[in-house]
2 protein chains.
Amino acid sequence: MAYTLEDIARLAGVSRSTVSRVVNNHPSVRPEVRQRVWDVIREVGYQPHAAARSLATNRTNIIGLVIPEAVSTLFTDPFFPLLIRGITDACYTHNYHLMLALFSTPDQEEDLYNRLLKSRYLDGVVLASTRVDDLLVQRLLDDGIPFVSIGRHTDTRVSYVDVDNVAGARMAVEHLLRRGYQRIATITGPLNMAAGQDRLLGYKQALAAHRVPLDEALIQEGDFTEGGGLAAMERLLDVQPRPTAVFVASDTMAMGALRAIRRAGLEVPADIAIVGFDDVPQAAFMNPPLTTVRQPIELLGATAVDILADQVTGKTDIPQRVVLMPELVVRATG
Amino acid sequence: MAYTLEDIARLAGVSRSTVSRVVNNHPSVRPEVRQRVWDVIREVGYQPHAAARSLATNRTNIIGLVIPEAVSTLFTDPFFPLLIRGITDACYTHNYHLMLALFSTPDQEEDLYNRLLKSRYLDGVVLASTRVDDLLVQRLLDDGIPFVSIGRHTDTRVSYVDVDNVAGARMAVEHLLRRGYQRIATITGPLNMAAGQDRLLGYKQALAAHRVPLDEALIQEGDFTEGGGLAAMERLLDVQPRPTAVFVASDTMAMGALRAIRRAGLEVPADIAIVGFDDVPQAAFMNPPLTTVRQPIELLGATAVDILADQVTGKTDIPQRVVLMPELVVRATG
DNA sequence: TTGTACGCGTTATCAT
DNA sequence: ATGATAACGCGTACAA
């Protein structure tokens, strides 16, 4: 059996309350007593019982990373490991633990929501890549569970941290324009996700700013998967006259696009230039290395946790919205 | 304030114990009463308080996926998302929740171990890709915490689930031999990991079985990263006579090797054939598509959880060791 | 079958 | 500054 507060109290010759105060850094305890108690604690390797503490404080020190059903198939995208790294690092400094909730089906989503949230396992939630109309957001709002969304949300009550997708996309397309490309296509993300919409908007803004007419045939929707990028590129290769460059809304889709181009017997960037989005580690290793818009993925995750921590501890009452800036990384594809 | 057992009891006109029995499917409660209680529960959306329950039962229904410091830099490998998928799916059916523990530094490892394990947040642990001499294993053993290792371990007390790495490597190399390649190199995984050792052993066995002399110069150690694969391949390209084929112990390293070969102005598979290991999703999308040894990564994770569940619930006393079979997927690189 | 009463390990309030 | 003591919400012997 493990040690309890009571054990430590006995060993240190004080009361349970005093030990509790020491453990929680309560000021009113004599330094010498505090020292004595700490000595005992260290000697026997005492650690407070998490469940007991939770029951008393109504806090678990656990936050959840929840990934909705709609996108959990995208979980293999290198984006997520990076996001998770950022999140776990921040969790460590805030003394939080991270629970992972991947929803696979709507039923499971419902079920897991109850098991996880309503049984109060979590102090708060980081919500990754939701669709704009996701019911999860409403639910969390209704249940009063603190959460931060990765990616903007229009509801004024939700806190989020996002990258400036519009600016990023503009940078990408304007870079292509500067290099002389005029017939620039785009493979978008899912248009029911904010990131998909915003990157498309940036594309349009860039063209408009440079007085390049918009050709709807050059806009193909993707789904953030490699296969989706390949399919979208194949559609793009069919339009006449063929685009000479393409802005792809994620690196993973860019890999698919590259394959499609190669498969058609064309060269990158000679025949068609590519600019991606994300700068996942693989981007630099592609052949040729991918020109892309870098978003600070780890920082995205870490910032979300920082905000959530403030929310949970009641340090702030109002929703926080922070937008991080991306940067263009020029490599060889465009 | 949320509902408690007491509330439900009052609303249903029974005692708290009866409600508890209903919730926990205890047999001795009259069907009509059971029904009435369930109705109330559903009506108000009652969910038992996890912390309270844990305190009483001494179980949290949370298991941890812990990734040691040594390998957590590999976390961006597509292997992990797949493993996590398998784990989360199995967790769902076992009614477990998954906590993610990535150790970044030795200090953090020590610290997190205490915060997480000794404060009894977890019922058990899935240990991913440890080194053979990892102290973590000893520690978990000493502390009597149920755990299952992904990847074999020599200590007879540890349960593990592994893929037959020796057989997989043999299959890969024998395939190359059948295709007529004689000068076959290998890029190994880290040789302080069981998977690294075993795949190298399989390579050696295949050569021996076919009476092909072993050339130590053709064995280069990698670290399961793309950069490591590239560097190892560059070393391999320097040996004379040059290898005509290479068995690479992970797909991620294979991508690096492919780059190195291309960079040297050579073609795959015309000049050098490649066979990888893992069959991550990207393998099929490579150019050319990668011939590789497929391991059932999701199943690996799911099986680990299944075993762990039996361990935690006391369904079994003895360490379980299960080995899954890989299969060769022949595509275009070799 | 059902209810009573105690214990799980903390935190927090109230005396002292 | 310190020590009793009452919650926190649940499971479970034991009694009825």
Side-chain angles (χ1 to χ4, degrees), chain A residues 1-38 40-41 44-62 95 115 117-123 313-314, chain B residues 1-38 40-41 44-62 95 114-115 117-123 313:
Chain A
M1 230 22 208
Y3 289 89
T4 70
L5 269 192
E6 201 82 47
D7 298 326
I8 306 301
R10 199 166 18 76
L11 292 173
V14 297
S15 83
R16 195 175 64 209
S17 319
T18 300
V19 180
S20 176
R21 288 193 188 94
V22 170
V23 168
N24 294 299
N25 290 317
H26 188 98
S28 46
V29 46
R30 282 213 317 278
E32 55 189 87
V33 174
R34 181 186 303 277
Q35 186 57 50
R36 184 153 40 98
V37 172
W38 267 125
V40 176
I41 289 178
V44 305
Y46 165 79
Q47 281 282 131
H49 192 287
R53 186 175 253 184
S54 292
L55 186 56
T57 60
N58 211 19
R59 301 239 334 238
T60 61
N61 274 26
I62 303 176
N95 201 359
R115 299 215 296 228
L117 278 308
K118 305 204 87 173
S119 56
R120 278 152 295 175
Y121 268 105
L122 307 180
D123 285 346
T313 55
Chain B
M1 228 23 208
Y3 290 90
T4 71
L5 270 192
E6 201 84 48
D7 298 327
I8 307 301
R10 199 166 18 78
L11 292 172
V14 296
S15 83
R16 199 180 63 208
S17 331
T18 300
V19 181
S20 176
R21 290 194 187 91
V22 171
V23 168
N24 295 299
N25 289 316
H26 189 98
S28 46
V29 46
R30 283 214 315 280
E32 56 188 86
V33 175
R34 182 186 302 278
Q35 185 57 50
R36 185 151 39 98
V37 172
W38 267 124
V40 175
I41 288 178
V44 305
Y46 166 78
Q47 281 283 130
H49 191 287
R53 184 175 257 186
S54 292
L55 187 56
T57 60
N58 211 20
R59 302 238 334 239
T60 61
N61 275 26
I62 304 176
N95 201 359
N114 288 334
R115 299 214 297 228
L117 277 307
K118 306 203 85 173
S119 56
R120 280 152 292 175
Y121 268 106
L122 305 181
D123 285 346
T313 56

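Only a predicted model underlies this, so the values are computations on that prediction, with no experimental measurement involved. We name chains A, B, ... by the order of the sequence lines, and we start the count at 1 in each one.
- With sequence neighbours excluded, the residues forming a side-chain contact (heavy atoms from CB on, under 4.5 Å) with B:Arg21 are B:Ser17, B:Thr18, B:His26, listed by chain and number.
- Contacts between residues 7-14 of chain B and DNA chain C, defined by a heavy-atom separation under 4.0 Å, are made by B:Val14.
- Closest non-hydrogen pair, A:Val23 versus A:Arg53, comes out as CG1-NH2, 3.3 Å.
- Partners of B:Ala52 by side-chain contact (heavy atoms from CB on, under 4.5 Å), not counting sequence neighbours, listed by chain and number: A:Leu55, B:His49.
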How far apart are the C-alpha atoms of A:Trp38 and A:Val22, what are their side-chain angles, what is the distance that settles it, and do they pass the side-chain contact (heavy atoms from CB on, under 4.5 Å) test? CA-CA 7 Å; A:Trp38 267 125; A:Val22 170; 3.6 Å; yes

Sugar-phosphate atoms are those with a prime plus P, OP1 and OP2; base atoms are the rest. Using that split, label each nucleotide of nucleotides 8-14 of chain C B, S or - for protein heavy atoms under 4.0 Å, 5' to 3'. BBBBBB-

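- A:Asn61 contributes a side-chain N or O that, together with a main-chain N or O of A:Asn95, makes up a donor-acceptor pair within less than 3.5 Å.
- For A:Arg115, the salt bridge (charged side-chain N to carboxylate O under 4.0 Å, His left out) criterion is met by A:Asp111, not counting sequence neighbours.
- Comparing the end axes of the helix from C:dT1-D:dA16 to C:dT16-D:dA1, each fitted to five base pairs by superposing C1' atoms of four pairs onto the next four, gives an inter-axis angle of 40° (nearest 10 degrees).
- For B:Ser54, there are no side-chain hydrogen bond (donor to acceptor under 3.5 Å, both in side chains) partners at least two apart in sequence or on another chain.
- Running 5' to 3' along DNA chain D, contacts with non-hydrogen atoms of chain A at under 4.0 Å begin and end at D:dA1 to D:dG9.
- Not a single salt bridge (charged side-chain N to carboxylate O under 4.0 Å, His left out) links B:Arg34 to another residue, sequence neighbours left out.
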Give the table of side-chain donor-acceptor pairs shorter than 3.5 Å for residues 2-11 of chain A, with sequence neighbours excluded, one pair per line with atom names and distance.
unit_1: A:Thr4; atom_1: OG1; unit_2: A:Glu6; atom_2: N; d: 3.2
unit_1: A:Thr4; atom_1: OG1; unit_2: A:Asp7; atom_2: N; d: 3.4
unit_1: A:Thr4; atom_1: OG1; unit_2: A:Asp7; atom_2: OD2; d: 3.4
unit_1: A:Glu6; atom_1: OE1; unit_2: A:Arg16; atom_2: NH1; d: 2.9
unit_1: A:Asp7; atom_1: OD1; unit_2: A:Arg10; atom_2: NH2; d: 2.8
unit_1: A:Asp7; atom_1: OD2; unit_2: A:Thr4; atom_2: N; d: 2.8

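- With sequence neighbours left out, the side-chain hydrogen bond (donor to acceptor under 3.5 Å, both in side chains) criterion links B:Asn58 to no other residue.
- Between the side chain of B:Asn114 and the backbone N or O of A:Gln47 there is no donor-acceptor pair closer than 3.5 Å.
- Evaluation of the side-chain contact (heavy atoms from CB on, under 4.5 Å) rule for B:Ala12 yields B:Val14, B:Val37, B:Val40 as partners, not counting sequence neighbours.
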